[in-house]
Structure formats: C-alpha cells, structure tokens
Amino acid sequence: MAAAVAGVGLSSVHSAPLPEAPADEVGVSQQRLAKLDEFFASEIASKRLPGAVIAIARDGKLIHYKAYGQLDPATGKAMRFDAVFALASMTKPMVAVAGLILMEQGRLPLQAKLTDYFPEFAKMQVATAERDGSLRFQAQSSPIYIHDLYRHTSGLTYGGPLDGPDQVARLYPDFAGPSLVGDQQAFIEAITKLPLAHQPGTEFEYGFSTDVLGVVVEKVSGQRLGDYLARNLWKPIKMHDAAFHLSQSQRERLARPFPDDPLTGRPQHIELLERQTKFDCGGACAFATVGDYVRFGQMLLNGGELEGQRILGPRTVRHMISNHLGPGIKNKVANVEAHRAGFGFGLGVAVRVTEGLSAVPGNPGEFTWTGAYGTQFFCDPKERLVVVVGTAAPGEIRRYYREQVQYMVYAAIIR
C-alpha cells in the first residue's frame with residue numbers, strides 16, 4: 001500500500017493511453033513534477049482523499065501517468081490505471097462534441113430554435129423574484145436557440161437548497177435527479193413546467209442545458225445518446241471504457257469515495273455508483289477512465305483528430321473553444337468555480353479569455369471543465385498541454401484539488 005500512496009507509475013501490465021516521453025524532453029521539469037507525488041502522498045496519508053489517477057500530456061506525449069491511493073476505501077483495493085470514474089459534468093464536453101458532429105453535417109444548426117425539436121419549451125415563462133418573495137412571470141422575449149444550450153444561456157438552471165436565496169433554483173431538481181427517477185420524456189415534461197431563471201440569451205446560468213442538448217442529439221440522430229457517442233467519438237478514438245451503462249467488470253473498477261466527507265464529517269456518496277440512470281443524461285451521467293479522457297482532450301487539442309481518426313474539423317474545434325459570452329450576456333462562469341475569474345464559456349467548455357484574474361495560472365485559450373464528483377480536465381493550446389485528474393471526492397474538497405494540481409503542473413513547465 002505504501003507504493004500506492006506514493007504513486008504507482010506505468011508498468012508493462014498497463015498500456016499508456018498516449019505515446020510516452022520523459023518530461024524533461026518536452027520542457028517540463030521531472031523534479032518539479034514530482035511535487036505531485038509528494039502532495040498526493042500527504043493528502044492520502046491524512047485521509048483527505050481516497051485516491052487519484054492523473055494523466056499529463058505535452059506535445060502529444062504522456063509525461064506523467066500515475067495512480068495514487070485506493071480505488072475503494074471500504075475494501076482497501078489499490079487505485080488502478082483503469083479505474084472507472086463517474087464524470088458528472090465532464091460528460092458535457094463530450095455531448096457538445098456529439099452536437100457539433102451533427103452541426104458539421106448540416107443537421108443541427110446553432111441558430112435552430114429548441115422548439116423546432118420540442119415545442120413544449122415555448123410555453124416556459126421567465127421568473128423574476130419580487131421583494132416580497134413572490135415570483136413574477138413573463139413570456140420569453142426571445143426563443144431558446146441550440147446555441148444557448150451549448151453556452152448555458154437558455155435560462156435553465158440546476159436545483160438549489162430549499163432554504164437558499166435563489167427562488168427559481170428551489171423549484172428545480174438536483175443535477176442528476178431526473179435521470180434516476182424517470183425517462184427522457186418525463187424529464188422534458190417536468191422541466192418545461194418550470195420557469196426559466198433568465199430570458200434566453202442574456203445570462204450564463206449553469207444548469208440542465210446540456211441534458212436538453214443530449215435529448216436533441218437523440219432526436220436528430222435517431223439513436224440513444226450513448227450509442228451515438230460510442231459510434232462517433234468513443235470507439236473511433238479508443239475511449240474503451242466511456243459509457244453511460246457499465247458492465248459488471250467495469251463496476252468492479254469504480255472509484256469510490258470515503259463514506260464521510262473529510263471536511264464536514266457528514267455522510268457522502270455518489271448515487272450514480274449504486275443506481276442505474278433511466279436515460280442517458282448528457283449533463284452528468286457518463287463514466288470513463290482517466291486514460292479515456294486524456295485521449296478525448298488530446299483529440300480536441302489536435303484540432304479534432306487523434307491517430308488518424310478525425311472527429312471534428314479544426315475550425316469547428318476552434319469555434320468550440322472560443323468564448324461565446326458576448327458583451328450582451330452576463331458572464332457568471334466564476335459563480336460555478338471561484339478560480340475561474342477571467343474565463344468565458346464556449347460550446348461545452350469554459351475558456352480563459354484574459355491573463356490574470358484567475359486564481360490559477362494558465363494562458364488565454366485554455367479550455368476546461370470539471371465534475372462534481374471530483375474529476376477535472378484542462379487543455380492549454382499555447383503550452384500544448386492536456387491534464388486529466390480522476391478522484392472520487394464529491395464534497396467541497398474537490399475544489400481544493402483542482403487548484404493545487406493546476407499550480408503544480410504549471411510550476412513544472414520550464415520552457
């Protein structure tokens with residue numbers, strides 16, 4: 001177990017997801033990168049984190065690929081490279097790619113109205129909170145476009161605490177809730193009975209937009225979302241364990257959290273590890289290994305291609321990773337992740353738009369997203385860098401690891 005805590009490097013038993021190279025050969029200090037090993041050894045020894053898998057690639061070469069700690073703290077199983085992680089919101093960038101594949105085929109324009117596919121959304125009203133605590137309702141001043149689903153400007157939100165200040169969010173379900181209690185049609189029927197948090201196209205509001213995009217992808221493609229992704233993304237670039245529905249052998253490799261939150265001591269769990277979803281929710285319900293996801297990130301960094309398999313055209317990817325929150329849209333990306341000051345939002349990913357402001361280093365053009373259960377990825381085109389982290393840490397501590405990893409990775413880049 002000591003070896004697992006310190007960090008297990010790749011062996012002949014495990015194949016690397018990308019070609020390997022020594023870090024020093026691609027301008028990254030191996031000595032500085034070793035700080036990651038020390039950091040995770042300390043965090044795991046302190047019982048703040050059960051385990052992690054980290055993959056770092058530069059110039060298309062894997063320079064750090066290690067497994068730390070435990071796969072399952074209840075059984076003591078060591079973390080493994082092929083650990084399967086519940087991706088939560090890191091499902092979203094993959095679903096965005098699915099939609100963009102259809103866009104490239106002329107089948108799903110960004111300026112298509114959502115009501116072209118689901119007329120029920122036309123009846124959704126916009127709620128405004130009054131001083132007396134009541135809600136005032138207005139008709140939509142503009143329709144919801146497919147573009148709004150990608151960039152979270154549809155007005156759809158996520159559920160908030162019943163005693164929280166956001167009166168509209170109180171009416172919405174938890175981010176993974178709808179997929180556990182009903183099918184796709186039940187989701188659409190339920191969500192269209194709720195009010196929008198804002199007028200479409202006016203504010204970034206993180207919520208069920210990508211789930212709705214996934215339903216649209218199903219309708220346009222005529223395929224279940226997971227089947228469409230498998231055929232058009234996962235299988236072509238060899239993301240072998242990416243799925244919405246796991247086999248028994250994959251379930252045996254699921255990374256599991258501590259039963260109690262290390263910060264609060266309160267019970268915690270990842271519900272999707274125990275309950276099967278009733279539809280493929282595009283916002284939160286996919287699974288994959290870190291090796292799978294670093295291939296996904298590298299494909300995007302390459303401009304839509306990996307090892308001869310082209311998924312998207314380079315200019316489509318450039319459009320995806322550009323900021324789509326113009327001056328007429330209120331940018332609240334940093335409300336989701338405090339360290340993302342200085343970021344806008346593209347088509348399914350947050351995009352750094354300026355130097356400074358953010359709490360973590362990086363360059364304009366960096367694109368990224370994370371998952372509520374502890375996963376993280378970011379790509380920096382200027383640094384030719386892809387970083388993916390898998391943990392099972394569903395509490396607030398996950399935000400701490402996101403920042404620390406980014407500090408240490410950028411500190412190791414020396415040329």
Side-chain angles (χ1 to χ4, degrees), residues 1-18 20 40 43-44 49-57 62 64-91 94 176 179-180 226-227 229-230 233-235 237-259 268-277 280-281 284-298 370-377 387-394 398 401 405:
M1 183 52 64
V5 170
V8 177
L10 205 64
S11 72
S12 60
V13 177
H14 304 94
S15 60
L18 293 171
E20 296 176 271
F40 279 100
E43 291 296 301
I44 290 165
L49 185 73
V53 179
I54 301 180
I56 304 171
L62 197 64
H64 185 98
Y65 187 42
K66 291 191 177 181
Y68 303 90
Q70 296 179 329
L71 177 77
D72 183 349
T75 64
K77 287 182 183 177
M79 183 59 77
R80 45 196 290 175
F81 288 98
D82 61 353
V84 175
F85 292 90
L87 296 176
S89 287
M90 270 170 53
T91 306
M94 299 188 297
S179 65
L180 293 169
D227 294 339
L229 279 165
L233 173 64
W234 295 337
K235 289 181 180 177
I237 65 168
K238 300 177 182 176
M239 296 174 67
H240 297 301
D241 283 302
F244 284 98
H245 302 271
L246 300 178
S247 67
Q248 184 55 42
S249 64
Q250 288 172 316
R251 289 200 163 275
E252 291 170 359
R253 293 185 273 127
L254 279 170
R256 298 180 180 275
F258 288 130
Q268 65 176 7
H269 70 291
I270 298 174
E271 196 166 16
L272 293 182
L273 303 188
E274 314 303 333
R275 296 177 60 190
Q276 181 59 63
T277 55
D280 299 347
C281 78
C285 300
F287 300 84
T289 64
V290 166
D292 289 333
Y293 216 95
V294 77
R295 290 182 65 80
F296 174 69
Q298 189 65 52
T370 53
Y373 302 137
T375 54
Q376 167 190 18
F377 100 106
V387 179
V388 180
V389 180
T391 64
R398 70 187 189 275
Y401 294 117
V405 168

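The basis for the numbers below is simple: all heavy atoms, side chains too, and nothing from hydrogens, waters or symmetry mates. Here the structure is a predicted model, which is why all the values come from computation and not from measurement.
- Side-chain contact check for I54 versus V290: every heavy-atom pair is 4.5 Å or farther apart.
- The two atoms that bring R253 and D241 nearest to each other are NH2-OD1, 3.0 Å, heavy atoms only.
- Across all their heavy atoms, P17 and L62 have their closest contact at CD-CD2, 3.6 Å.
- Separating the CG atom in D82 from the NE2 atom in H240 is a distance of 11.5 Å, to the nearest 0.5 Å.
- For the pair R251 (side chain) and E274 (backbone), a donor-acceptor distance under 3.5 Å is absent.
- In this structure, D72 CG and E252 CD are separated by 11.5 Å, a value rounded to the nearest 0.5 Å.
- In terms of modelled atom types and a separation under 3.5 Å, the side chain of R275 and the main chain of L180 share a donor-acceptor contact.
- In this structure, CZ on F85 lies 10.0 Å from CE on M90, to the nearest 0.5 angstrom.
- One N or O on the side chain of T289 and one on the backbone of D292 form a donor-acceptor pair closer than 3.5 Å.
- Nearest approach of M94 to L233, heavy atoms of both residues: CB-CD2, 4.1 Å.
- Ring geometry for F296 against Y293 counts as perpendicular: the plane angle is over 60°, on a 0 to 90° scale with 30° as the lower cut.
- Side chain of R80 to main chain of L71: no donor-acceptor pair is present (N/O by atom type, distance under 3.5 Å, no hydrogens or angles).
- H269 NE2 to R256 CZ: the interatomic distance, rounded to the nearest 0.5 Å, is 11.5 Å.
- The shortest heavy-atom contact between T370 and S89 is O-CB, 3.3 Å.
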Quiz item: Passes ring-ring contact (aromatic ring centres under 6.0 Å, His included), Y65 versus F81? Steps please.
Solution: CA-CA 8 Å; Y65 187 42; F81 288 98; 4.7 Å; yes
Exercise. Report the C-alpha separation of H64 and V387 in whole Å, then their side-chain angles, then the decisive distance to 0.1 Å, and conclude whether the side chain to side chain contact (heavy atoms under 4.5 Å, CB included) test is met.
Key: CA-CA 9 Å; H64 185 98; V387 179; over 6 Å; no
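- F244 and W234 have tilted rings, their planes meeting at an angle from 30° to 60° on a 0 to 90° scale.
- The CG atom of L254 sits 5.5 Å away from atom CG of L246, with the distance rounded to the nearest 0.5 Å.
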Practice problem: Assess whether side chain to side chain contact (heavy atoms under 4.5 Å, CB included) is satisfied between V389 and Y401, documenting all intermediate values. | Solution: CA-CA 9 Å; V389 180; Y401 294 117; over 6 Å; no
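- Summarising the geometry of M79 relative to A255, their closest heavy-atom pair is CE-CB, 4.4 Å, with the distance given to 0.1 Å.
- Y68 and E43 are not linked by any side-chain donor-acceptor pair at a separation below 3.5 angstrom, with hydrogens and angles left out of the test.
- Using a distance-only test at 3.5 Å, with no hydrogens or angles considered, no donor-acceptor pair links the side chain of R398 to the main chain of Y373.
- Q268 places a side-chain N or O within donor-acceptor distance of the main-chain N or O of F258, the cut-off being under 3.5 Å.
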Exercise. List the steps, then state whether side chain to side chain contact (heavy atoms under 4.5 Å, CB included) holds for D280 with L229.
Key: CA-CA 11 Å; D280 299 347; L229 279 165; over 6 Å; no
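- Judged by distance alone, with hydrogens and angles left aside, the side-chain atoms of T91 form a donor-acceptor pair with the main-chain N or O of A286 at under 3.5 Å.
- Between P73 and Q70, the shortest heavy-atom contact is CA-OE1, 3.3 Å.
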